[in-house]
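Ligands are counted one by one from 1 in listed order, and the atoms in each one are counted from 1 as well.
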Amino acid sequence: MAQYLLALDQGTTSSRAIIFDRLGNPLKQCSKEIRQIYPQPGWVEHDGEEIWESQVTVARQVLTEAGVEPGEIAAIGITNQRETTLIWDKETGKPLYHALVWQCRRTAELCQELNRKNWAEPIRQKTGLVVDAYFSGTKIKWLLDNVAGLREKAEQGKVLCGTVDTWLIWKLTGGRVHATDYSNASRTMLFNIHTLEWDQDILKELGIPRKILPEVRPSSGTFGETAPEIFGASIPITGVAGDQQAALFGQCCFTPGTAKNTYGTGCFMLMNTGEKAIPSQNGLLTTIAWGLDNKVSYALEGSIFMGGAIIQWLRDELGILPHAAQSEEFALKVADTGGVYLVPAFVGLGAPYWDMYARGIIIGLTRGTNKYHITRAALEAIAYQTKDVLAAMLADAQIDLQKLRVDGGAVKNNFLMQFQADILRVTVERPRVNETTALGAAFLAGLGAGYYGSIQEVETICQLDRSFVPEMSPFRAQDLYQGWKKAVERSKAWL
Ligand SMILES: Nc1ncnc2c1ncn2[C@@H]1O[C@H](COP(=O)(O)OP(=O)(O)O)[C@@H](O)[C@H]1O
Ligand SMILES: O=P(O)(O)OC[C@H](O)CO
């Protein structure tokens, strides 16, 4: 009797596998780190074979450790680091180059060229994205232009290309299915998010043959079955979504106006905007949330480069914090930051400022400033950045937000969550299951396999751990936030 769902979560730093029961409880989870390859400053690669090997290893391991037979898995859901691009030989199934990772900046010059050729506006209109090396499109062009013989092979239809989900589907189905889902396609900068087709004009400009790209399918539905030799029995793959969209789904943000923020290394905030693709006037991305029940839902997205990574910096580089978890205790040792602000523009500022020449500052220092003030200022900076993005989102969507759902490694920090609620003036809701990305993939797979009858059934599974309601006076919150805005101005255009 198939009673469980298996989520495969292929992230930037690790491959994970989690088995969930019908009520969304994680039964068992396994993970394996993957190597980060930096061939040149600003270049980031992964080994495609290692992505596959690590993912299949943890999938097998989780089944063994949980004592669950493949036949007890109703369906597999796949979620993945987005934008990262692979290219492989159709015959042998071998990668023809390392995967170019979303963080890789090697195509920045290609993007500037596209901007010079006035592609920014058409690309924004068609794909909802800004022209940036972050997305897959220019990565594919780079591979075709720079890997010897690749363009000819591509023209002859001998190679296949895709994001990490597509690579895993291809491998899991024994090379039978070359497909992706709408949410992943919407991160390539090649996909028209309105007509739901690969865009011929952009493909032509970048010299990418249509035939190397995968078929695009709804996020919930049939993608194929795993080859029997992989797990000892075939398991249907019925859910696929990019990790941030999967987290939005795992947080049950099903209705327009609901939003989640993930506090990991960086922060990614997504708001469901329903069947409307809202163009951003405030530096956010318009993206596809998922395709489900013959409908496509859209989202607005704001990306913050430095989130929990600021805490890692205090720990590893400044050495003033023994463990990330201790940041809460440190912050609570002082009543406030004593007027200190930390603007973590270590790699420039992302949404909504988009200033790549900004650099980090700590400002407002006095003789009385100590490590507790600085730690508190670092945590507060995460909350202020989130407020910046949310303000842009509310301006774009023209709505009011009552609640923000949160997940990721840093949400364990109760001080941060309370301060977030105080600064945003909205209730911050932390879910019972923090593995929302994997849970979202499991939900999509469960719906696609008919394991769950409806989205309403899934909604009953989402449960809260704790809500944080604003306690600080609105005047004080406004005052503090104004200080932040002033500090941000000082960090801009530094280089
Ligand atoms: N208690 C805590 N308070 C603040 N930050 C924390 C805490 N625990 C972990 N973090 C931060 O959360 C991040 C890890 O979260 P995670 O969701 O695992 O990130 P990712 O998926 O990006 O690797 C790290 O940057 C770490 O500094
Ligand atoms: O793998 P993560 O969790 O760092 O997420 C990466 C994002 O999908 C990049 O867009």
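- Sorted by chain then number, the residues whose non-hydrogen atoms approach ligand 2 to under 4.0 Å are Gly11, Thr12, Gln81, Arg82, Glu83, Trp102, Tyr134, Asp243, Gln244.
- A salt bridge links Asp132 with Arg105: at least one charged nitrogen is closer than 4.0 Å to a carboxylate oxygen.
- Here the CD1 atom belonging to Ile310 is positioned 12.0 Å from the CG atom belonging to Leu318, to the nearest 0.5 angstrom.
- Glu113 has no carboxylate O lying under 4.0 Å from a charged side-chain N of Lys141, or vice versa, which leaves the two without a salt bridge.
- The pair Asp465-Arg430 counts as a salt bridge, with a side-chain nitrogen and a carboxylate oxygen less than 4.0 angstrom apart.
- Geometrically, Lys387 engages Tyr481 in a cation-pi contact, judged by NZ or CZ lying under 6.0 Å from the ring centre and within 45° of the ring axis.
- Near ligand 1, residues Gly264, Thr265, Gly308, Ala309, Ile311, Gln312, Ala324, Ala325, Ser327, Gly408, Gly409, Ala410, Asn413 each place a heavy atom inside the 4.0 Å sphere around the ligand atoms.
- At a cut-off of 3.5 Å, with distance as the only test, no side-chain donor of Thr437 or Thr79 sits close to an acceptor on the other residue.
- A salt bridge is absent between Lys32 and Glu50: the closest approach of a Lys/Arg side-chain nitrogen to an acidic carboxylate oxygen does not fall below 4.0 angstrom.
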Side-chain polar contacts of residues 320-343 - donor-acceptor pairs under 3.5 angstrom, sequence neighbours left out - could you list them?
unit_1	atom_1	unit_2	atom_2	d
Ser327	OG	Ala324	O	2.7
Ser327	OG	Asn413	ND2	3.1
Glu328	OE1	Asn414	N	3.2
Asp336	OD1	Gly338	N	2.8
Thr337	OG1	Gly339	N	3.3
Thr337	OG1	Val340	N	3.1
Thr337	OG1	Val340	O	2.9
Tyr341	OH	Leu480	O	2.7

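- With sequence neighbours excluded, the residues forming a side chain to side chain contact (heavy atoms under 4.5 Å, CB included) with Arg359 are Trp494, Leu495, listed by chain and number.
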